[in-house]
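Structure first, then comments.
Given the structure is predicted, the values throughout are model-derived calculations rather than measurements. To find a chain, count down the sequence lines: A is the first, B the second, and so on, and within it residues start at 1.
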Number of protein chains: 2
Amino acid sequence: MDKKALTRYINHLVTFSPEELETINSYFHVKTIPKGEYLLRSGQICRFEGYVVEGCLKVYTTNSKGEEKILYFAGKDWWVMEIDSFLHQTASELNIRALKNSTLLTISWTDKERLYAQIPKVERLFRIMSQKAIAAWQRRLIRNHTMTAEERYLHFIDTYPTLSGQLTNKHIASYLGITQEFVSVIRKRRQLEKT
Amino acid sequence: MDKKALTRYINHLVTFSPEELETINSYFHVKTIPKGEYLLRSGQICRFEGYVVEGCLKVYTTNSKGEEKILYFAGKDWWVMEIDSFLHQTASELNIRALKNSTLLTISWTDKERLYAQIPKVERLFRIMSQKAIAAWQRRLIRNHTMTAEERYLHFIDTYPTLSGQLTNKHIASYLGITQEFVSVIRKRRQLEKT
DNA sequence: CAATTTTCTTGAACTAGTTTAAGAAATAAG
DNA sequence: CTTATTTCTTAAACTAGTTCAAGAAAATTG
């Protein structure tokens with residue numbers, strides 16, 4: 001298992017020396033997780049942060065009726081964790097589960113603190129990553145407040161064609177905050193418009 | 001104008017020496033902004049990041065019909081900026097406007113880069129702040145997908161009693177992604193339930 | 001404090017999206 | 001390949017929240 005994708009990802013945001021990259025890589029461990037298995041269950045403490053090399057996972061809440069609401073999908077080159085639980089090392093509110101056989105590069109909370117201490121520039125890396133993430137979450141919230149369900153559906157499949165091709169409509173519906181049935185209606189509507 | 005609140009805020013997250021705090025403070029400049037005035041208009045580049053000492057501002061989008069959708073309020077001890085525009089120094093999609101006479105401590109983009117270079121531990125500070133912010137945006141998104149308008153309204157006024165007391169129902173409605181009229185219905189409903 | 005503007009409330013008509021149900025299609029499992 | 005399970009589609013009934021309109025209350029302005 002090579003860590004080229006991770007190295008490329010990191011070096012794209014902050015420039016590190018080959019030695020530094022080597023050190024960073026050494027803290028990450030390969031973890032494979034078969035389709036359907038949990039990476040984290042609500043109630044557990046999220047002790048790792050993971051970079052997705054291959055596969056796809058869902059991060060979601062479950063309500064009292066057992067219905068899932070998907071917060072986000074982590075496909076290739078995404079980071080996955082329960083950030084609140086990881087940051088404070090407290091019980092997770094969310095579940096993380098593999099939608100396909102997946103390969104991650106994970107770093108534990110303690111190792112990450114060590115890495116920050118050893119190479120302070122890693123703070124910069126994660127500061128930049130986090131600020132980009134904030135901007136993305138804000139844009140998503142704005143889309144939820146300004147676009148109809150149909151517009152959000154089209155935006156999603158247009159923006160993430162590869163990812164959305166691997167997902168069921170049920171998953172996409174859950175992510176968009178609408179019902180599976182309504183996704184069917186939208187798809188039907190689109191199909192008729194094309195004629 | 002003293003910078004005690006900012007110092008307290010910063011030192012609560014990451015410990016700095018008095019000299020470091022002095023240096024950090026020296027990069028921030030006082031800016032007062034009267035009620036109703038813009039701090040930033042969409043299309044402009046967000047060249048500063050601000051810490052709210054006193055007052056309240058709204059960060060919002062405007063659609064083609066001139067309707068506002070409020071992304072967030074920045075009250076006392078909040079940070080305010082258009083993060084995407086600030087980060088990449090590109091045109092802002094959002095507007096920022098004072099809801100009351102406000103006092104900010106602002107730092108320019110260039111000074112912030114200087115500060116990161118001069119005191120690398122500041123990267124850690126903003127890394128931690130940003131990660132907490134991600135968790136907060138995620139929780140807000142989950143609330144939007146799992147709670148009714150009434151539940152979100154009650155959650156908001158319970159969670160931010162001081163802030164919400166300073167806002168009009170119209171503002172709260174815009175923030176929650178519902179109509180002003182429906183807020184009235186919710187309030188009426190609550191009032192009847194109390195009897 | 002009088003005039004003007006904005007916000008708040010109320011109600012009736014409406015609609016985007018949900019719920020329920022049931023059959024068809026696709027996937028997964030033995 | 002057959003059976004079981006999950007997903008997808010369709011349609012009808014429903015509802016949470018919107019839209020429109022108009023008057024009352026509150027806040028702002030001169």
Side-chain angles (χ1 to χ4, degrees), chain A residues 34-37 55-56 58 60 62-70 73 97-101 143-157 164-195, chain B residues 34-37 55-56 58 60 62-70 73 97-101 143-157 164-195:
Chain A
K35 178 175 177 176
E37 300 234 323
C56 185
K58 61 179 173 183
Y60 63 101
T62 309
N63 69 11
S64 47
K65 291 181 207 160
E67 294 160 340
E68 290 180 4
K69 298 284 174 178
I70 296 176
F73 301 104
R97 211 170 165 185
L99 291 175
K100 325 182 61 176
N101 294 331
R143 283 197 299 276
N144 280 344
H145 281 190
T146 56
M147 294 165 94
T148 63
E150 176 158 6
E151 288 167 339
R152 270 145 54 209
Y153 174 77
L154 296 175
H155 175 271
F156 182 73
I157 60 171
S164 65
Q166 302 174 336
L167 302 170
T168 64
N169 290 341
K170 201 184 172 189
H171 283 138
I172 296 174
S174 172
Y175 171 87
L176 295 175
I178 60 179
T179 59
Q180 183 182 191
E181 291 85 347
F182 197 61
V183 169
S184 269
V185 171
I186 292 168
R187 286 158 59 90
K188 187 67 185 297
R189 210 141 71 190
R190 300 282 311 162
Q191 213 175 309
L192 292 174
E193 278 166 15
K194 278 183 191 157
T195 345
Chain B
K35 178 175 178 176
E37 299 234 323
C56 185
K58 61 179 173 184
Y60 64 101
T62 309
N63 69 11
S64 47
K65 292 182 205 157
E67 294 160 341
E68 289 179 5
K69 298 283 177 178
I70 295 176
F73 300 105
R97 208 169 168 187
L99 291 174
K100 324 181 59 174
N101 293 331
R143 284 196 300 276
N144 280 344
H145 281 190
T146 56
M147 296 166 93
T148 63
E150 175 158 6
E151 288 166 341
R152 271 146 54 211
Y153 173 76
L154 296 175
H155 175 271
F156 182 72
I157 59 170
S164 65
Q166 302 175 336
L167 301 170
T168 64
N169 289 342
K170 201 184 171 189
H171 282 138
I172 296 174
S174 172
Y175 171 86
L176 295 174
I178 58 178
T179 58
Q180 183 183 191
E181 291 86 344
F182 197 61
V183 169
S184 269
V185 171
I186 292 168
R187 285 157 60 91
K188 186 68 185 296
R189 210 141 73 190
R190 300 281 310 161
Q191 212 175 312
L192 291 173
E193 276 166 15
K194 279 185 189 156
T195 345

(message) Looking at R189(B) and E150(B), is there a salt bridge between them, counting it only when a charged N and a carboxylate O are closer than 4.0 Å?
(response) yes
(request) Go through DNA chain C in 5' to 3' direction and return only the first and the last nucleotide with some atom under 4.0 Å of chain A's heavy atoms. (result) dG17(C) to dA28(C)
(request) Please check the phosphate of dC8(D) (OP1 and OP2 only) for any side-chain N or O of R187(A) closer than 4.0 Å. (result) no
(message) Assuming nearest nucleotide by heavy-atom distance, tell me which of E150(A) and K35(A) is located more 5' along DNA chain C.
(response) E150(A)
(message) Show the nearest heavy-atom pair for residues R97(A) and G36(A), with the distance to one decimal.
(response) NE-O, 2.9 Å
(request) Mind calculating the distance between NE2 (H145(A)) and C1' (dT18(D)) to the nearest angstrom? (result) 15 Å
(request) Taking all heavy atoms of C56(A) and all of Q166(A), pick out the closest pair and write down the distance. (result) CB-OE1, 4.3 Å
(message) If you compare all heavy atoms of I70(B) against all heavy atoms of S174(B), which two are closest, and at what distance to 0.1 Å?
(response) N-OG, 2.9 Å
(request) Anything under 30° is parallel, anything over 60° is perpendicular, the rest tilted; go ahead and classify F73(A) against F156(A). (result) tilted
(request) Using a cut-off of strictly less than 4.0 Å, decide whether K188(A) has a side-chain nitrogen or oxygen near OP1 or OP2 of dA11(D). (result) no
(message) Heavy atoms within less than 4.0 Å of DNA chain D: which residues of residues 171-185 of chain B have one? Give them sorted by number.
(response) G177(B), I178(B), T179(B), E181(B), F182(B)
(message) Between C1' on dA26(D) and CD on Q166(B), what's the gap in Å once rounded to a whole number?
(response) 18 Å
(message) Among residues at least two apart in sequence or on other chains, which ones pass ring pair (Phe, Tyr, Trp, His ring centres under 6.0 Å) with F182(B)?
(response) none
(request) Let me know the distance between CG of L99(B) and C1' of dT28(D), rounded to the nearest Å. (result) 16 Å
(request) Quick one: closest heavy-atom pair of K58(B) and L99(B), and the distance? (result) CD-CD2, 3.7 Å
(request) Rounded to the nearest angstrom, tell me the gap between atom CD1 in I186(B) and atom P in dT18(D). (result) 9 Å
(message) Ignoring hydrogens and geometry beyond distance, is a side-chain donor-acceptor pair present between T168(B) and H171(B) at under 3.5 Å?
(response) yes
